[in-house]
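What you are looking at is a predicted structure, and each value in this text was computed from that prediction instead of being measured.
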Amino acid sequence: MIASSWLLVAFPALGALILLVGGRRTDAWGHLLGCATVIASFGYAVAMFVSSSLAEATDVALYSWIPVDALQVEFGLRIDPLSMTFVLLITGVGALIHVYSIGYMADDAGRRRFFGYLNLFVASMLVLVLGNSFVTLYLGWEGVGLASYLLIGWYTGRPSAATAAKKAFLMNRVGDVGLALAIFLMFSEIGSTSYAAVFAGIGDLSPAVITAIALLLLLGACGKSGQFPLQAWLPDAMEGPTPVSALIHAATMVTAGVYLVARAAPIYNLTETGRLLVTIVGAFTLLLGAIIGCAYDDIKKVLAYSTVSQIGYMMLAVGLGPFGYALGIMHLLTHGFFKAGLFLGAGSVMHGMNDEVDMRKFGGLYKRMPITFATFGLGYLALIGFPFLSGFYSKDAIIEAAFGSEGWQGWVFGGAAMLGAGITGFYMTRLVLMTFFGKERWRELKSADGREFHPHESPPVMTVPMIVLAVGSVGAGFFFALGDRLVEFLAPSVGALSEAEHTALPHALIPWLTVGLSLFGALVAWLIFGRRDVPVERPQNVSPVTRAARNDLYGNALNEALVATPGLWTTRFAVYLDNKGVDGAVNGLAAALGGSSGRLRRLQTGFVRSYALSMLGGSFLIVAALLMVRFS
Amino acid sequence: MSWLLALILLPLAGALAVAGLRSNDRLATLTALGVSIANLALVVPLWIAYDPGGERIQQTWSMDWIPAFGVHVSFGTDGIALLMIAVIALLVPIVIGALSSTDRLPEGRTAGGFLSLILLQEALTIAVFAATDVFLFYVLFEIMLIPMYFLIGYYGGARRQYAAVKFFLYSFLGGLIMLASAIGAYSIASDELGEGTFDWATLVAVVSDAPTTTQIWLFLGFFLAFAIKAPLVPFHTWLPDAAGQAPIAVTVLLVGVLDKVGTFGFLRYSLPMFPEASQELAPLVLVLAVVGVIYGSILAAGQQDMKRFVAYVSIAHFGFIALGIFAFTTQAMVGSATYMLNHSIATGMLILVVGIVATRGGSTRISDYGGMARVTPILGAMLLIAGLSTLSLPGTNSFISEFLVLLGSFGTRPVYTIIATVGMVLAAMYVLWLYQRIMTGPVRGDALVGAGGGPGTAVAPEVGAKKAIRDLSTKEIAVLAPLVVLVLGLGFYPKPVLDTVTPSVEATLSAVQER
């Protein structure tokens, strides 16, 4: 079973190949094939999970990929608890979202191609998590980047979609440079790039090199996972169709950075500085995402910043090292359920509302879309950490672990995580109130294309996946946490979970304080958005904090000022220089050699005579040179 | 008879035959296509006969030419030359097959004349890579310019004369300085051995023992010729003009293969003949290489013309190749040797697709296009595939080479490598920007929605295109398909190519490092 695990990747890869090469001939059944391949992979993964012992990692060598002398990169897979956890998440949630897309994309003429791209994504993502070396990980890493690029830019008629797609790819590439340099450093220091060899040899390196590798990997993780300072692309990525946002930009791809840190646990275990920086990035980003999430009116952008923030929690957790690897993965899994469910719910709302995303135009939709409302509501409760739902277990565990850090770190990281929970309660409640409750503001309005709104529930092909994900949102946390099931399952990959001896706040107090803060945030949201009518027009006279949050806390402006504008001027200057300077200098030099610039102009007009003359001159030189040799 | 000789003589004979068919374009095209495909078929036995673990130079063939100076016409190949011979044999039938889609020859010019020169170019280029006599190499290096001069000067765009002369003068002058160095090497050999020779292996053995100062002077002569050919900044300015003015079919061969004579020259001549000078001057070359990567990338991003864009992209890529050669590690040098192949495939495809776009739209200005993928989705996909290979996305052929160059260089030259790695980001920027401007967004631009409406009637009024712009035909897809297969095939299974060049690279490297 394990020996044939390449089938996991092969099914969706073949699906992508058939759908993208087959073209319009496959239009009629393309979406069915697209779903079938992912379901097949899911089935195979479940069968593997049930039948095989995963107590230790098994490396499956497939073929020699890049063999050059000392560098021997195998194309191989590593089957262990960590990779199988991801495979189940990717193919499971992936299959649900594929099915949902049948309905969501029903009216799109390019639906077959859409499924081709989705299959390409699943195949790449599986290579990313299954590969047994940092180079195969890199292959999947950029493969998902390509799929993400293609899908963000799906609505080609919108220039904003193309810009967002390019921005995502570019900011990811900045992170990829970090990952690439980490690989180069591993090879030059250890002589290999495979997990087995790198993890075996990492202990012999100097602390500075280990820290350098850890920080370079972190740069890659920040790019892929939308963490500060490379977070700005993720909200823009919402230009893509909503199933894409659910699968790629919430449940799976953007969590690859967390996977990378957990996978590289043997490296991070050896560098306190590296871990600390991961934690700082996570803590900072979780607050940044949560604050900005409060200010947006676009339902998908709020969810996107929520994703940025929740991945911040995961990064914080894996930055705690042995105290948090498994907890980060647990939150990643529960988040995979409830955030995918929330996005599918948002997609269902948009589907019923002429693709409108502005929550100020929604309101009172719970009556029109009861299933969407119910599933969305459960996802919402899971996300804000409502007691005994998924998020309660996974987020609370992270907050407790954060408070367990030594000294000031316990207070800072624990405090940030807890404060974040409060803000999460606020922005998510705001979202739910603006969308599902209050006055039916859409009655008075028309959508951008001039149609009236007729909100309606989505077809079963869309609601059934939402229901399944809602069940996961409710029960997954309890299931994973029961008897530390997930933590023990993951132990062969990331090591046993350590628990802090004492925490900055009393142990028993933390969960209830967190829930209390979260409910307080929800209460504040209700006071502002529940008790009063929400204005259709966005209020302009707002506090500086709100204005800053609306502008992404000036993240984009910073990118613009530091990179984009100087880059543009450098390009213009370089083009000018090359046309006038370098070419001019070289022409000038040639002119000097030729005797005068007038002579050069004559050469350039291309008289055959001049041309022959230069040939003649050359030949003279040849002859002269030959004669010289004979005399020497 | 050696397979190599057949590979040189067949296109030569083809060139003569096609020249005689100038009155019948169709027959000339078919003949040229047949000859070039037959030549590609000849690569198969050559590839099979080549034993990577065997002699340094194989498939040798030799005859006296100028006995007084020990000059021979002698041919042979190593793994690196084999790749270059294979790739030009592959590209020639593809450019001939695509000719009707990529180029409209100027008034009064016949396909027969054009294709005759193309075949002549093929024969001479294969001969340059196969030459194992330094004087023969020099002569071919210069003669090779002549068909190219006429291909640009007769069949190119509006400023073809200027571009052709500029191209010719640069390369020719570089060659003359190389000749001076070659003669210097000859005189060292004749002092040492008592009789003169231009035989490559003998010169390598003798000259590599020369004093460092002598080596440096001789190295510089060769270096200038090669740095012009595979343009390193600041010797690059002829290329954007030549590539901008030459017909697409010619640009593919010029940028795709002919320029590789420069990087090939570094590997075959500069390093083995002047090992100490190579090490002494490596920092200089590395600086030019890294500057080329960054500078070429920035300029590519700033271009308004898609043909000049491709030229600057290549300048950046030649920077990567030079970096890998002068980092002196096996991985980096194998990376560079395969980069020469993969760049031919990726950039060759990029130029062809750009040519098809430009011929369809009647303009090479990027701003004349927009949203074209909605009208021609398959053409859009082809541009994207070529672009992704150009930006070295993992899974494409170019990734293997760029990864090897950077990974191998990092060990010995970390600072240069880190700077060059920035080129990865810039590559994504210029490729995706080009794709975005031409292919995505609403259908727009004079080339697609010209005021006059263009020939024919509206073909795609639902997306706003007014001109009759077709997507790729089955024949055009078939012409590009081999390149797509190679892009992906060599991305996932590069082993045959890596195994072919690695022993040749190791031999080259040990010649440098044993000093």
Side-chain angles (χ1 to χ4, degrees), chain A residues 20 23 63-71 75 135 138-139 141-143 146 149 153 156-159 161-163 165-166 169-170 173-174 176-177 180-181 183-185 187-188 570-572 574-575 578 582-583 585-587 590 593 603-606 611 614 618 621-622 625-626 628-629 632, chain B residues 69 153 161-162 164-166 168-169 172 176 179-180 183 186-187 196 233-237 295 298-299 301-303 330-331 334 371 373-374 378 388 393-395 400 403-404 406-408 410-411 414 417-418 421-422 424-425 428-429 432-433 436 440-442 492-495 498-499 502 506:
Chain A
L20 296 178
Y63 67 91
S64 175
W65 183 26
I66 313 180
V68 179
D69 196 33
L71 176 78
F75 203 108
V135 185
Y138 190 68
L139 171 69
W141 192 267
E142 293 232 351
L146 169 64
Y149 169 80
T156 51
R158 287 189 213 156
T163 306
K166 192 185 65 181
F169 197 95
L170 276 183
R173 267 250 154 163
V174 173
D176 294 351
V177 167
L181 288 174
I183 295 173
F184 303 157
L185 198 51
F187 176 71
S188 75
T570 311
T571 307
R572 285 188 186 156
V575 171
D578 201 60
V582 179
D583 205 14
V586 175
N587 278 346
L593 285 173
L603 282 174
Q604 285 179 344
T605 51
Y611 159 52
S614 60
L621 271 173
I622 297 171
L626 284 170
M628 256 167 53
V629 171
S632 66
Chain B
F69 297 112
Q161 293 264 341
Y162 171 77
V165 172
K166 193 169 178 182
F168 185 85
L169 283 184
F172 187 75
L176 281 182
L179 176 66
I183 292 164
Y186 170 88
S187 69
V233 176
F235 309 108
H236 64 281
T237 55
Y295 188 74
I298 290 176
L299 276 154
Q303 293 308 307
T330 311
Q331 286 79 24
V334 168
R374 312 191 87 196
I378 303 174
L388 292 174
L393 189 84
I400 307 291
F403 176 74
L404 283 171
L406 293 171
L407 175 123
F410 188 83
T417 309
I418 290 170
T421 308
V422 175
M424 278 174 48
V425 179
M429 179 185 73
L432 296 184
W433 201 28
Q436 181 184 351
T440 70
F492 281 96
Y493 193 60
K495 192 169 185 296
L498 296 174
D499 288 349
T502 303
E506 279 172 340

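In this structure, F492(B) and F75(A) have side chains that are in contact, with non-hydrogen atoms separated by less than 4.5 Å. Using a 4.5 Å heavy-atom threshold, the side chains of L71(A) and T330(B) count as separate.
Nearest approach of P394(B) to L139(A), heavy atoms of both residues: C-CD1, 3.5 Å. Shortest non-hydrogen contact noted between A162(A) and T440(B) is CB-OG1, 3.3 Å. Of all heavy-atom pairs spanning P159(A) and P442(B), the tightest one is CG-CD, 3.8 Å.
Taking G157(A), S188(A), P67(A), A70(A) one by one and counting their heavy-atom pairs under 4.5 Å with chain B, the maximum is reached by G157(A).
Looking at Q436(B), only its side chain comes within 4.5 Å of chain A, counting heavy atoms on both sides. When heavy atoms are compared at a cutoff of 4.5 Å, L498(B) approaches chain A solely by way of its side chain, counted from C-beta outward. If you measure heavy-atom distances from L146(A) to chain B, the contacts under 4.5 Å come from the side chain alone. Residue A165(A) does not touch chain B at all, counting heavy-atom pairs closer than 4.5 Å. Interface residue Y138(A): backbone and side-chain heavy atoms are both found under 4.5 Å from chain B.
One finds the CZ atom of F169(A) at 6.5 Å from the CG atom of L388(B) (value rounded to the nearest 0.5 Å). Separation of atoms CG (L185(A)) and OG1 (T417(B)) is listed at 11.5 Å; rounding is to 0.5 Å. Note that CG of L406(B) is 11.0 Å distant from CD1 of I183(A), once rounded to the nearest 0.5 Å.
For D499(B), the salt bridge (charged side-chain N to carboxylate O under 4.0 Å, His left out) partners are K495(B), not counting sequence neighbours. Under the side chain to side chain contact (heavy atoms under 4.5 Å, CB included) criterion, V177(A) pairs with L181(A), T421(B), M424(B), V425(B), not counting sequence neighbours.
At distances below 3.5 Å, not a single donor-acceptor pair connects side-chain atoms of Q331(B) with backbone N or O atoms of D69(A).
Between F410(B) and F184(A), the ring planes lie tilted relative to each other; the angle falls in the 30° to 60° range.
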